[in-house]
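Structure first, then comments.
Treat the numbers as computed from the prediction; the structure is a model and nothing was measured. Numbering of ligands and ligand atoms starts at 1, following listing order.
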Amino acid sequence: MAIKFGRPIEMRDAPRRQGERQTPLASSSLDLTVRPRRNRKSEWARRLVRENVLTTDDLIWPMFVVDGHNTRTPVASMPGVERLTVDQIVRDAERAARLDIPCIALFPFTEPSLRDEEGSEALNPDNLVCQSVRAIKREFPDLGVLCDVALDPFTSHGHDGLIADGKILNDETVAVLVRQALTQAEAGCDIIAPSDMMDGRVGAIREALDDNGFGEVQIMSYAAKYASAFYGPFRDAIGSAKTLTGDKRTYQMDSANSDEALREVELDIAEGADMVMVKPGMPYLDIVRRVKDTFAMPTFVYQVSGEYAMIAGAAANSWIDGERAIMESLVGFKRAGADGILTYFAPKAAEKIKAGA
Ligand SMILES: NCc1[nH]cc(CCC(=O)O)c1CC(=O)O
Ligand SMILES: [Mg+2]
């Protein structure tokens, strides 16, 4: 059947039956040959024609790590999400493994006293991220661990790179990011995920990993990352919201752009990215679709903190049915072409999937 704009051409002019019917219609009946509702008549019929499925294999669970012991601190703007001390991160890693979530992602809340202009704590082999990776890998070597590469959790100004005269320096920042990536790889990180949006960082990190015996460490590039208001709660969670000076629009993308996302993704693939990511998620589903269709790469999407807060906040007020909204938003990413989703809803969604719901 020829399809144009998603509709079979043959159907456009013939929605109704031609000629005489054997059985006369009741006066209120439409004489329709095609009734799409037939395929929705019951749960088994809907399951039979369902085009996309969400499985636990599609999920990456981002977690926040903080200094201390045996403590879980709620993040006010992300109801249900907590900052965890390293021992508690290991407990949630165990939960991830039990739920068949393939991979977790780690983000640190760095003590303000450890933050400086250069983000030097990023290079400390004993920083919270590295401690967590080692602790997790000791107990759960088969759980994937992704580490974010960017300086914002470690800088006093909250930017992802080094600053001089109010400008974010590109090449100087890349040199530091390379060292940060090596530090994380040394700790046992499986996937390096540069989220900084400096030009050329994927190639530089790939070369350094290969030169230092980390040829198997993957790179998931935040390739099309937009300057977004939806990162607000994340910046609360890592403690950079109050300190951030200005915004990130000289390095993160303009939300009005789409072709530019393809150019960014193309560059990161050429530089050696194994997987690419679009971020944020829900307002950028068109970008996910274009990236997947254009490059046929493993394509990930980040349902970011503000998206989480919108759903969790509305659900907490009973303005929406939270569980259904979560699953609907996640299958929406699959429908758009995503191979996987970073989402703070990962454990909840995995539990629901496992319960067969
Ligand atoms: N470069 C850091 C980084 N890595 C992931 C997020 C956002 C994640 C979220 O909002 O859930 C950010 C924030 C930012 O760029 O300001
Ligand atoms: Mg780029």
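- Residue-to-ligand polar distances keep D196 apart from ligand 1: every N/O pair is separated by 3.5 Å or more.
- Look at D126 and R134 and you find a salt bridge, because one of the NZ, NE, NH1 or NH2 atoms lies within 4.0 Å of a carboxylate O, short of that distance.
- Ring-plane geometry between Y344 and F64 is classed as parallel, the angle between the planes falling under 30 degrees on a 0 to 90 degree scale with a further cut at 60.
- Residue-ligand proximity: Q252 is placed with a non-hydrogen atom under 4.0 Å from ligand 1.
- For ligand 1, the atoms sitting less than 4.0 Å from at least one non-hydrogen atom of Y302 are 8 (C), 11 (O), numbered in the order shown with element in parentheses.
- Of the protein's non-hydrogen atoms, K279 NZ, 2.9 Å is the one closest to atom 7 (C) of ligand 1.
- Residues K334 and D339 are not paired through a salt bridge, judged by the lack of any N-O separation under 4.0 Å between the basic side chain and the carboxylate.
- At a 4.0 Å heavy-atom cut-off, ligand 1 touches S195 through backbone and side chain alike.
- Taking the centre and axis of the six-membered ring of F109, the NZ or CZ atom of R115 falls inside the cone set by 45° and 6.0 Å.
- In this structure, the protein non-hydrogen atom closest to atom 8 (C) of ligand 1 is F234 CD1, 3.3 Å.
- What sits closest to atom 10 (O) of ligand 1 on the protein, heavy atoms only, is S305 OG, 2.7 Å.
- Closest to atom 3 (C) of ligand 1, if we only count protein heavy atoms, is K225 NZ, 3.3 Å.
- Looking at D100 and T56, their side chains never bring a donor and an acceptor atom within 3.5 Å of each other.
- Here R46 pairs with E43 in a salt bridge; the nearest charged N to carboxylate O distance falls below 4.0 Å.
- Look at E264 and the Mg ion (ligand 2): an N/O/S atom of the residue is under 2.8 Å from the metal.
- The D152 neighbourhood of ligand 1 comprises atoms 1 (N), 2 (C), 3 (C), with distances under 4.0 Å to a heavy atom of that residue.
- Note on D196 versus K248: no salt bridge recorded, every NZ/NE/NH1/NH2 to OD/OE distance being 4.0 Å or above.
- For the residue pair S329/Q303, the side-chain donor-acceptor check at 3.5 Å is satisfied.
- Contacts between D160 and ligand 1, counted as non-hydrogen atom pairs separated by less than 4.0 Å, involve the side chain only.
- Nearest non-hydrogen protein atom to atom 14 (C) of ligand 1 is K248 NZ, 3.3 Å.
- Summary of contacts: the protein heavy atom closest to atom 11 (O) of ligand 1 is Y344 OH, 2.6 Å.
- D148 and S195 share a donor-acceptor pair across their side chains, judged by distance under 3.5 Å alone.
- Proximity to A150 (heavy-atom distance under 4.0 Å) selects the following atoms of ligand 1: 1 (N).
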*Evaluation steps, side-chain contact (heavy atoms from CB on, under 4.5 Å), between E118 and T155*: CA-CA 6 Å; E118 291 83 39; T155 51; over 6 Å; no
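- Distances below 4.0 Å separate heavy atoms of Y231 from the following atoms of ligand 1: 7 (C), 10 (O), 14 (C), 15 (O), 16 (O).
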